[in-house]
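In what follows, a single structure is set out as C-alpha cells and then discussed.
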Amino acid sequence: MELKILGSGGGEGFPALFCECDHCKAARKAGGKSLRSLSQTLIDGKLLIDLPAATHAHCLAHGFGLGHVEHLLITHTHADHYVPEILDTRGGGFAHNMAAEKLNIYGNKDVKRRFEGTFELFPIGKEIRESIVLHVVRAFEPFTAGEYKITPIKACHAFEEDSLNYIIDDGEKALLYLVDSGYPYEETLDFINNYGKKFDCVVMDATMGDSYYKGHMNHDENKKLKEYLISSGACDKSSKFIITHITHNHTGTHEYVEKIFAGSGIEVSYDGYRIKF
Ligand SMILES: [Zn+2]
Ligand SMILES: [Zn+2]
Ligand SMILES: [Zn+2]
C-alpha cells in the first residue's frame, strides 16, 4: 500500500490564513516542509480520504486529477475535511472523459445531510448529482470499497457528530488512520486490538503539540499510543508511525517538530510525504 499525505496541517492550515503568531511567521520564513495545507490523504493514488477546499491546490501541486477516483472516505464534517461545494464541477460542462463513472462517498449521516443541504440551496446538474453516491457508514461496521475492506472506527473528535476514523485493509496490508482524533476511546482500542491482523502503518492526529484537548492528540499522546499499540500486539516494531494535522497554535516549524520526535520511531509528515509499506 502506498500512502501520500497531501495536506499535513491542522484546521486553519500552517501558517494560518489570518495569523501573525511567531510560529506562523517562522513557518512562512522557513517555507518547504513547514508550509502545511489542509488535511487530505491519498492511498495507492486512488482512494481519497477527506475533501478540503485545498483539494484543487493539492491536485495542482502533485500533478494529478480526481477523474479516476471512485471512492472517497470522509472522517467528519469540519471544513478542513469536507467541503462538498467543490463537487459541483464533477461532470456536466466542467469535467470530461472521467475514468470513474461514479464517485462513492462514505461518511456519517451528517456528511450526507451536509451534501444534501448544500445542493438544495445551490442545485447542481442532474447528471453531476446522479454520478455521486452517498453511503452512510457506522463505526465498527465494515464495508467494501473497490479492492479495499474499510472499517470505520469511532473517533474521539467533533462530539456533536459521529466522527469516524478508518481501518483500510487491502487484503495484505492494514492501515490505521486516526485523523482527526484525540487519544482513542477504550472501545476503539479494544476493536483495534481484536481486528485480527497487525497494522503496518498508523497515521496519528498530532494537533495539540505541547498542549492538551480531549478531541485531538498531543505529542506525548502520539508517543504513548505508539508504545501502547506495540505492547498490545496491534502493531509491531516494523509498523510505521506517522503524525499529521500539525498546527501553529501548539508547535513550531517542521525542523522543530522533527527534533521533538527524534529517536521516537515516529515520522513527522509534511505535504507530499509518501510512504510504501
Ligand atoms: Zn481537522
Ligand atoms: Zn499562527
Ligand atoms: Zn475536526
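For the single chain, residues carry numbers from 1 onward in sequence order. Order of appearance sets the numbers: ligands from 1, and atoms from 1 within every ligand.
- When the Zn ion (ligand 3) is compared with the N/O/S atoms of His78, atom ND1 turns out nearest.
- Using a distance-only test at 3.5 Å, with no hydrogens or angles considered, no donor-acceptor pair links the side chain of Thr151 to the main chain of Phe140.
- Looking at His254, its side chain never comes within 3.5 Å of a backbone N or O of Gly31 through a donor-acceptor pair.
- Pairing each heavy atom of Ser181 with each of Asp205, the nearest pair is N-OD2, 2.9 Å.
- The set of protein atoms (N, O or S) found at less than 2.8 Å from the Zn ion (ligand 2) reads Cys19 SG, Cys21 SG, Cys24 SG, His248 ND1, by chain and number.
- Here His157 fails the criterion, with no N, O or S atom under 2.8 Å of the Zn ion (ligand 1).
- With the Zn ion (ligand 1) as vertex, Asp80 OD2 and His81 NE2 subtend 90°, rounded to 10°.
- The name of the N, O or S atom in His76 nearest to the Zn ion (ligand 3) is NE2.
- For His250 and His219, the ring centers sit 6.0 Å or farther from each other.
- The nearest N/O/S atom of Asp180 to the Zn ion (ligand 1) is OD2.
- Residues Tyr270 and Ile49 share a hydrophobic cluster, clusters being chains of Ile/Leu/Val/Met/Phe/Trp/Tyr side chains in contact below 4.5 Å.
- A donor-acceptor pair under 3.5 Å is absent between the side-chain atoms of Lys29 and the main chain of Cys24, judged by distance alone.
- Both the sub-6.0 Å distance and the 45° axial angle are satisfied by Lys223 relative to the ring of Phe261.
- Salt-bridge formation is not detected for the pair Glu186/Lys154: no Lys NZ or Arg NE/NH1/NH2 atom is positioned less than 4.0 Å from an Asp or Glu carboxylate oxygen.
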